[in-house]
Number of protein chains: 2
Amino acid sequence: MPTIKDVAREAGVSVATVSRVLNDTGYVGTDTRKKVMKAIAQLNYSPNEVARSLYKRESRLIGLLLPDITNPFFPQLARGVEDELSRSGFRLLLGNSDENTEKELDYIQTFVQNNVVGIISATNHVDYQIYNELKLPLVLLDRTSKEFPAVYADGREGGRLAARTLIDKGAERITLVKGPAHVKPAQDRYIGALEELSRTDVDFSVLSTTSYSFEEAKGWAEELFEKFPNTDGVIASNDIVGIAILHEALKLGKRIPEELQIIGYDDIPQSSLSYPTLSTIRQPAYEMGREAAQLLINIIRKEKGIEQTVQMPVELIERNTTRKD
Amino acid sequence: MPTIKDVAREAGVSVATVSRVLNDTGYVGTDTRKKVMKAIAQLNYSPNEVARSLYKRESRLIGLLLPDITNPFFPQLARGVEDELSRSGFRLLLGNSDENTEKELDYIQTFVQNNVVGIISATNHVDYQIYNELKLPLVLLDRTSKEFPAVYADGREGGRLAARTLIDKGAERITLVKGPAHVKPAQDRYIGALEELSRTDVDFSVLSTTSYSFEEAKGWAEELFEKFPNTDGVIASNDIVGIAILHEALKLGKRIPEELQIIGYDDIPQSSLSYPTLSTIRQPAYEMGREAAQLLINIIRKEKGIEQTVQMPVELIERNTTRKD
DNA sequence: TTGAAAGCGCTACCAT
DNA sequence: ATGGTAGCGCTTTCAA
């Protein structure tokens, strides 16, 4: 790889001059600039970001910490972040935490070690010391916080909306599936649904689950019908378990949505590909990713008057696992 | 952030000594080491990777270029890569190319600018000049090549296997869905299926599609049944379009698998959550990711006698969209 | 308008 | 066993 020195030699100028044309700072004579440009092209030179980063004490890198990219909700987020970031020339350092403290701290540390200019994190542990000691901009994604800027969807309202929908559509023996206790958004929607359910006179049961994963979704679905065979309305903890429940119900011969209504959460892409298509509460994942990226960039650029926390709207997507009224 | 100088001062030694204990190279007296360790702990110091990278001309970063993390096949790959890489202390710089030349070149360039030690790429364009000029290890993932080390699944055989399965199970009017022409693996499985189909006397039709995406999958499914309403066996280009076709068929009242058999490709996690569950050709995505990472690490470490190209087996996963014979 | 040189934080060589 | 120091490739004063 050619260095700035090579370019300087080739162009017959000093490295300082090359640097000036590279960064478009300070005075550079028109023909000198031309010579330098030519040399750059000739050598196919591009500046070493690492050297830059060392001097400036900041890179063009941003750290993104996600629980698990393998969960279909997160690729959307990640893509939103990346698309927005790359428009401003930033690149992504990616880590999966698996909701595991050690991995999480480890990633945050290497983000710092690599001079990232900012971090976007979907952590359940803003309370970790490391976040408070962080000298760089942090934006929480898919999570709330009073202490840090955050982009999230209104989980409480989403939970309420899901419950209300099922109640309005005549479900009388509702089962509420509670997601993992340590996952904040899962709790929020659960609380919201609980709130709404409690305001009315429907009977309901709660099924506690401890994971969101594909592998286990089927198990939860089976457990649900063993424990609550007569339920006629399920509020799923997310779309994956919603779909698992849906298909388990079909296997048991239940008519959907006549005998059993199901509502999911997230609106992951494959929800419109289930059979029947899954009614769900939509979180605008891609847009959330973009918002988070934008917010972070604004903070980095020290723009004035930026919202520190943006709450995205959730939305009922009526498809075919709920009645048409 | 404290620097090595701060540690040196705190410990009352020279930076050289600190560096030695940091890297565990050269002689360091037992008590000197202890003093240094203490200073490191006290200051909560961790070395600046950027400075390291600049001096050594290589980082602990690896670039991963994927077509689109939003396609459910890729998160698995990415996760495999990450898990394996992080075991050796490497971190991931991630980029989505969207099969778009400009983005692809851009990412490769910034990978280089950031001193990555190696690149894993799922590109359809190994022929790009930039890959040949690359001074660093490159491993192709989900792609074949004679010129570069590669990890891929046997798409030809997968296509054959899919076709043979449908033929063996009595399908007589097969529809072969052809994926996007510019996507290599899509072509491979198509050719394989074509090969097998041609060896026998079944009738078949080909439906050409130009994308893999969720949004368009439904459209392809509708088009399929408009054009070939009497088909009794579909070889889908991947699981997403397989599932879309499956559910469209259900909507049309077709009995699966009695009237219509469907076989997908990839075995993405949600395929076992479709209704009925989708029979498919499995590519071991997660393992492929790990293999690629391992291969790259071996190349970086200049291990002797490593396989330059590893072909992973594909496998028929019989679920409920094909007959039990 | 241009160049010389210091310095970003680290490693590795050469002395001692 | 330890320290001094050059240098990785770049940006940015400061002087000319």
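Chain letters run A, B, ... following the sequence lines, proteins first, then strands; residues in each count from 1. From a predicted model like this one, the values you see are computed outputs, not experimental measurements.
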Proximity to the side chain of [X] - top-ranked nucleotide from [options]:
X       : options               : result
A:Ile4  : D:dC10, C:dC10, D:dC8 : D:dC10
A:Ala51 : D:dA1, D:dT12, D:dG9  : D:dG9
A:Thr32 : C:dG9, C:dT1, D:dT2   : C:dT1

>> Looking only at the side chains, is there a donor atom on one of B:Arg91 and A:Thr110 sitting less than 3.5 Å from an acceptor on the other?
In response: yes
Between [X] (side chain only) and [Y] (backbone N and O only), is there a donor and an acceptor less than 3.5 Å apart?
X        : Y        : value
B:Arg60  : B:Ser88  : yes
A:Asp68  : A:Asp98  : no
B:Asn71  : B:Phe73  : yes
B:Ser145 : B:Phe148 : yes

Whole angstrom is fine here: how far is it from [atom1] in [X] over to [atom2] in [N]?
X        : N      : atom1 : atom2 : value
A:Leu54  : D:dG7  : CG    : P     : 17 Å
B:Asn114 : D:dC8  : CG    : C1'   : 16 Å
B:Lys56  : C:dG9  : NZ    : C1'   : 14 Å
A:Asp6   : D:dC10 : CG    : C1'   : 13 Å
A:Ile40  : D:dC10 : CD1   : C1'   : 13 Å
B:Arg33  : D:dT2  : CZ    : C1'   : 13 Å
B:Asn48  : C:dG7  : CG    : C1'   : 14 Å
A:Glu58  : D:dC10 : CD    : P     : 17 Å

> Tell me, which of residues 13-24 of chain B have any heavy atom that sits under 4.0 Å from an atom in DNA chain C?
Replying inline: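 B:Ala16, B:Ser19, B:Arg20, B:Asn23 - these, ordered by number, are the residues of the stretch whose heavy atoms sit under 4.0 Å from the strand.
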> Hey, is A:Asp83 close enough to A:Arg79 for a salt bridge, meaning N to O under 4.0 Å?
Replying inline: yes
>> Students often mix this up, so state it plainly: with edges at 30° and 60°, are the rings of A:His125 and A:Tyr128 parallel, tilted or perpendicular?
In response: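 If you compare the ring of A:His125 with that of A:Tyr128, the planes turn out parallel.
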> Between B:Tyr55 and C:dC13, is there a side-chain N or O to OP1/OP2 distance below 4.0 Å?
Replying inline: no
>> Can you see if the side chain of B:Arg57 gets near the phosphate of D:dG7 - specifically, an N or O under 4.0 Å from OP1 or OP2?
In response: no
> When the nearest nucleotide of DNA chain D is assigned to A:Arg52 and to B:Val28 on a heavy-atom basis, which residue is associated with the more 5' position?
Replying inline: B:Val28
>> Heavy-atom nearest nucleotide on DNA chain C for B:Val50 versus B:Thr25: which residue maps closer to 5'?
In response: B:Val50
